[in-house]
Peer 1: 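Once you've had a glance at the structure underneath, I'll fire off some questions.
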Amino acid sequence: MYWHTSLPLLCSSILPLVTGSLGVPHPRADRHYAIMDNDWYTAGFVPYLIALDGDIDVLGLVSDTANTWQPQVALHAVATLEAGNLSCIPVYPGATWPLINTPQRFQAWETIHGKLPWEGAFAPENKTAEAEGNDPTSGNPDRIVKAAFKEGFPKGKPNNSTSAANFMVEMVHKYPGQVSIYSAGALTNVALAVRMDPEFASLAKQLVIMGGYVDLNMLEATGSILQADYQSDINLMIDPEASKIALTADFPEITIAGNVANQVFPSQVFVDEVKTATNPYAELFGKYYDLSFPFWDETAAALMVDPSLAINQTSVYLDVDTSYGSPNYGNIHVYQEALAPAGIRQVNYVFEVDADRLTERIKHSLVHPKTCADLA
């Protein structure tokens, strides 16, 4: 349930962050705002740079448990914002635990249905890997592994005045029809906001997610382990129940960057071009962006900024498998309208993007990153 009685108190704490830091004294009907929810990491800053470069006002970053635990993720968000003089954007901590899932429950499911090549935060605890600079998995979710902060350990902290879900609810009420919800990690925070306030989804502008793969099982079986990794829908599988809640909510529009997120990879030539810029983000990208993986989160962020990047897309009805006994637990299934079960909705499923325009947008955001001085 949404606590309407807390609205004045929460607005008083959030409003200075919006008006003072981002230079938005009053709601403007012509502005596009975004709240960006992700499992942030050292080189994970590109999505919010893309949003800012696309003239979207980023109201805040929120953290979730997906690749690693939420408390570690929130500090990565703070640290990467600090690295590029963007600390005027607040970070709100999200839910540490999925609605139902736990590492033990996840690993028990794997025993029956097979292991995933990438298990995210639910991979077995590995103290050796943590000592070498990897983010924590399993074990105590509140522990912080400082060795993983290659961008520098943050001086500041997340804003604990409210939760990520409550922040989302407050902002869509403040800017109805103007706030895009971007999710490139688990959908736990979005689901909580949906359940807290029955108006939340309908008051948002849209939901854009990275995740939701279809028709890739044979590739998982016949390709390499790395190729199977590309098809692992960990963002949805960490919290399948939250994924179903979010993807059946009444957002005016939902855009799925699933298969398409595997389309475009960074190249060494691309990295070398970015590294010609002299700014902290270009430097961090050049040092720590893993060229083994496609532009996953970046593709979803670019589609949020510029939907015309999609050159092949369709409208389908989509559901998330929440049967724990299913080998497809946490995966999506799509339908045409005549065959769709009750209770699901249409989404916009993107199959292909303009690769050249996408890479140019990513490069421009890295070579010319916005700072707080630009946002004032």
Side-chain angles (χ1 to χ4, degrees), residues 34 36 38 46-47 50-51 54 66 116-118 180-185 187 190 205-224 226-237 240 243-244 246-249 251-267 270 292-321 328 330-341 344-363:
M36 306 191 71
N38 206 353
V46 185
I50 292 171
L116 294 184
W118 177 250
S180 290
I181 306 297
Y182 166 92
S183 176
L187 285 152
V190 179
K205 177 180 175 69
Q206 62 180 336
L207 172 66
V208 179
I209 78 158
M210 188 270 123
Y213 299 133
V214 293
D215 301 330
L216 295 171
N217 181 225
M218 185 59 74
L219 182 57
E220 289 180 299
T222 60
S224 66
L226 185 59
Q227 286 177 311
D229 189 2
Y230 297 158
Q231 329 309 329
S232 298
D233 232 342
I234 193 67
N235 287 350
L236 275 65
M237 294 182 73
S243 300
K244 186 179 181 76
L247 292 173
T248 55
F251 290 96
E253 182 177 313
I254 297 179
T255 296
I256 308 293
N259 295 25
V260 71
N262 288 326
Q263 177 190 338
V264 185
F265 282 73
S267 66
F270 179 89
S292 302
F293 299 105
F295 285 127
W296 279 322
D297 300 354
E298 294 82 0
T299 300
L303 286 167
M304 176 180 70
V305 172
D306 182 6
S308 75
L309 287 172
I311 58 177
N312 185 3
Q313 59 190 319
T314 191
S315 180
V316 294
Y317 284 78
L318 180 149
D319 199 7
V320 180
D321 189 340
N328 296 311
N331 284 264
I332 67 167
H333 192 86
V334 292
Y335 303 83
Q336 58 176 287
E337 183 177 8
L339 304 177
I344 66 172
R345 55 156 296 161
Q346 279 185 305
V347 302
N348 180 39
Y349 197 97
V350 180
F351 289 107
E352 186 180 1
V353 293
D354 186 321
D356 291 338
R357 287 175 58 206
L358 172 64
T359 53
E360 281 303 311
R361 185 171 284 280
I362 295 170
K363 183 166 69 174

Peer 1: Answer yes or no: is there a side-chain heavy-atom contact under 4.5 Å between Tyr213 and Ile332?
Peer 2: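 When only atoms from C-beta onward are counted, Ile332 and Tyr213 do not touch, as no gap falls below 4.5 Å.
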Peer 1: For Arg345 and Leu247, which heavy atoms make the closest approach, and how far apart are they?
Peer 2: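 Nearest heavy atoms, Arg345 then Leu247: CG-O, 3.4 Å.
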Peer 1: Considering residues at least two apart in sequence or located in another chain, which fulfil the side chain to side chain donor-acceptor pair (under 3.5 Å) criterion with Lys205?
Peer 2: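 Lys205 satisfies side chain to side chain donor-acceptor pair (under 3.5 Å) with no other residue.
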Peer 1: Does Arg357 offer a backbone N or O that forms a donor-acceptor pair with the side chain of Asp354 under 3.5 Å?
Peer 2: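 Side chain of Asp354 to backbone of Arg357, a donor-acceptor pair under 3.5 Å: yes, one is there.
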Peer 1: Would you find a donor on one side and an acceptor on the other, under 3.5 Å apart, between the side chain of Asn235 and the backbone of Leu187?
Peer 2: no
Peer 1: Please assess Gln206 against Ile254 for the test side chain to side chain contact (heavy atoms under 4.5 Å, CB included), listing each intermediate value before the final yes or no.
Peer 2: CA-CA 6 Å; Gln206 62 180 336; Ile254 297 179; over 6 Å; no
Peer 1: Salt-bridged, Glu360 to Lys363, with N to O below 4.0 Å?
Peer 2: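 Looking at Lys363 together with Glu360, the answer is yes, because their closest N to O distance falls below 4.0 Å.
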Peer 1: Restricting to non-hydrogen atoms, name the atom on Ser315 and the atom on Gln346 that form the minimum distance, rounded to 0.1 Å.
Peer 2: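 So the two residues come closest at OG-NE2, 3.1 Å.
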Peer 1: Is Lys244 salt-bridged to Asp321, cutoff N-O under 4.0 Å?
Peer 2: no
Peer 1: Would you name the heavy atoms of Ser292 and Phe265 that are closest together and state the gap between them?
Peer 2: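 Here Ser292 and Phe265 meet closest at O-CE2, 3.5 Å.
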Peer 1: Which atom pair, heavy atoms only, marks the closest approach of Ala302 to Leu358?
Peer 2: CB-CD1, 3.4 Å
Peer 1: Start with the C-alpha distance between Leu207 and Glu253, add both sets of side-chain angles, then the distance that settles side chain to side chain contact (heavy atoms under 4.5 Å, CB included), and finish with yes or no.
Peer 2: CA-CA 6 Å; Leu207 172 66; Glu253 182 177 313; over 6 Å; no
Peer 1: Would you compute the distance between atom OG1 of Thr299 and atom CG of Asn262 and round it to the nearest 0.5 angstrom?
Peer 2: 8.5 Å
Peer 1: Keeping Glu352 on the side-chain end and Gln313 on the backbone end, is there a donor-acceptor pair under 3.5 Å?
Peer 2: no
Peer 1: Is Asp233 reaching over with its side chain to a backbone N or O of Gly212, donor-acceptor style, under 3.5 angstrom?
Peer 2: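 Here the side-chain-to-backbone pair exists.
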Peer 1: Going by heavy atoms in the side chains, are Asn328 and His333 under 4.5 Å from each other?
Peer 2: no
Peer 1: Looking at Thr255, Asn259, Thr314, which one forms a side chain to side chain donor-acceptor pair (under 3.5 Å) with Tyr349?
Peer 2: Asn259
Peer 1: From Met304 CE over to Ile181 CD1, what is the distance, rounded to the nearest 0.5 angstrom?
Peer 2: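 Spacing of CE (Met304) from CD1 (Ile181) equals 9.5 Å.
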Peer 1: Passes side chain to side chain donor-acceptor pair (under 3.5 Å), Asp297 versus Tyr182? Steps please.
Peer 2: CA-CA 10 Å; Asp297 300 354; Tyr182 166 92; 4.7 Å; no
Peer 1: Side-chain contact test, heavy atoms from C-beta onward, threshold under 4.5 Å: evaluate it for Ile50 versus Glu298 and give yes or no.
Peer 2: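 Sidechains of Glu298 and Ile50: in contact.
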Peer 1: Give me the atom names and distance for the closest heavy-atom approach of Ala66 to Gly185.
Peer 2: CB-CA, 4.2 Å
Peer 1: Of the non-hydrogen atoms in Pro117 and Ser232, which two are nearest, and what is the gap between them?
Peer 2: CG-OG, 3.1 Å
